[in-house]
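Hydrogens, waters and symmetry mates are skipped; everything else that's a heavy atom, side chains included, is used. Positions are given from 1 along the sequence.
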Amino acid sequence: MNPLNIAIAGAGGRMGHILIETILQTPDARLAGALDRAGSPGLGGDAAAFLGKTSGVAIESDLAKGLAGAQFLIDFTRPEGTLAHLAYCAEHGIKMIIGTTGFDEAGKAAIAEAAKKTAIVFAPNMSVGVNVTLKLLQQAAKALSVGYDIEVIEAHHRHKVDAPSGTALKMGEVIADALGRDLKECAVYAREGVTGERDPSSIGFATIRGGDIVGDHTVLFAGTGERIEISHKSSSRVTYAHGSLRAARFLADKATGLYDMNDVLSLKD
């Protein structure tokens, strides 16, 4: 079997390092390219230098050079960077695994449009465990549709720039869809002062930022006389890397199309 030739965006970042290390340890994957933004101190250096190893792949800011040998690009960067990579990949038939969060509606529409030219897995969280949790939340929301208040609590490291997290928003979307609601209309993102009684149809969000928390998410279904909590806690970003490789394997025989981790993990009804 030929290896999956994978390039990594944000190669000099925390997630980029974990993705590179994981690929180098995976028999059916090959590091085929590494990208970082112009001005990055690692540009021109070996992508595996942080491990004290030589991969033979230099970190590039030029997309043509960095993606020359790649079939796939795994991208966990920022929306503006991902959208720039997206246009190039769509034009050149490079498949994408997008874990970037914080896209606006126009950004999401651009991803959907690009998927007409290449195959894309786009998910706010690539963790297998998180995506199984989303399935559990769908089932719980249907069973607890009456008499339970729903709150989503998430915590991440101090460096995370978007809030609530993409995973928390996805949890809210899954729950709202299961209840026949529109998250845009029922989400409550902040409470301060005299807020009045809680609207029973609302879905609340609470955000914590601090330290080096990788990612904790809890959904609370609070009823009269009982509480149900469904939680997922990440202790390492390596779970996102393993999920991303599963997504790449899933895309191997796909030419075009927009998919998510439910497709990758066969979790759809």
List the steps, then state whether side chain to side chain contact (heavy atoms under 4.5 Å, CB included) holds for I111 with L258. CA-CA 8 Å; I111 292 170; L258 181 59; 3.8 Å; yes

Would the distance check show the side chain of [X] and the main-chain N or O of [Y] forming a donor-acceptor pair, the cut-off being under 3.5 Å?
X    : Y    : result
H157 : H159 : yes
E154 : S165 : yes
N131 : N125 : yes

Could you list the donor-acceptor pairs under 3.5 angstrom formed by side chains in residues 103-110, with sequence neighbours left out?
residue, atom, partner, partner atom, Å
D104, OD1, A106, N, 3.2
D104, OD1, G107, N, 2.7

Strictly by modelled atom types, are D162 and T101 linked by a side-chain donor-acceptor pair under 3.5 Å?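 Looking only at side-chain atoms, T101 and D162 do form a donor-acceptor pair, the distance falling under 3.5 Å.
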
Only counting residues at least two apart or in another chain, list the ones meeting salt bridge (charged side-chain N to carboxylate O under 4.0 Å, His left out) with K53.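 Per chain and number, K53 pairs via salt bridge (charged side-chain N to carboxylate O under 4.0 Å, His left out) with no residue.
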
Can you list the residues that meet the salt bridge (charged side-chain N to carboxylate O under 4.0 Å, His left out) rule with E80, with sequence neighbours excluded?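 For E80, no residue satisfies salt bridge (charged side-chain N to carboxylate O under 4.0 Å, His left out) once neighbours in sequence are set aside.
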
Pairing residues for E151 by the side-chain hydrogen bond (donor to acceptor under 3.5 Å, both in side chains) criterion, not counting sequence neighbours: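 Applying side-chain hydrogen bond (donor to acceptor under 3.5 Å, both in side chains) to E151 gives R191, R198.
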
Quick one: list whatever passes side-chain hydrogen bond (donor to acceptor under 3.5 Å, both in side chains) with R158, sequence neighbours left out.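 By the side-chain hydrogen bond (donor to acceptor under 3.5 Å, both in side chains) rule, R158 matches no residue at all.
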
Closest approach of I8 and I20, non-hydrogen atoms and distance?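 Shortest heavy-atom contact: CG1-CG1, 4.0 Å.
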
Is there side-chain contact between H156 and H217, with at least one heavy-atom pair below 4.5 Å?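 A side-chain contact exists here, since the closest heavy-atom pair is under 4.5 Å.
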
Give the table of side-chain donor-acceptor pairs shorter than 3.5 Å for residues 231-238, with sequence neighbours excluded, one pair per line with atom names and distance.
residue, atom, partner, partner atom, Å
S231, OG, T218, OG1, 2.7
S234, OG, Y240, OH, 3.2
S236, OG, V238, N, 3.1

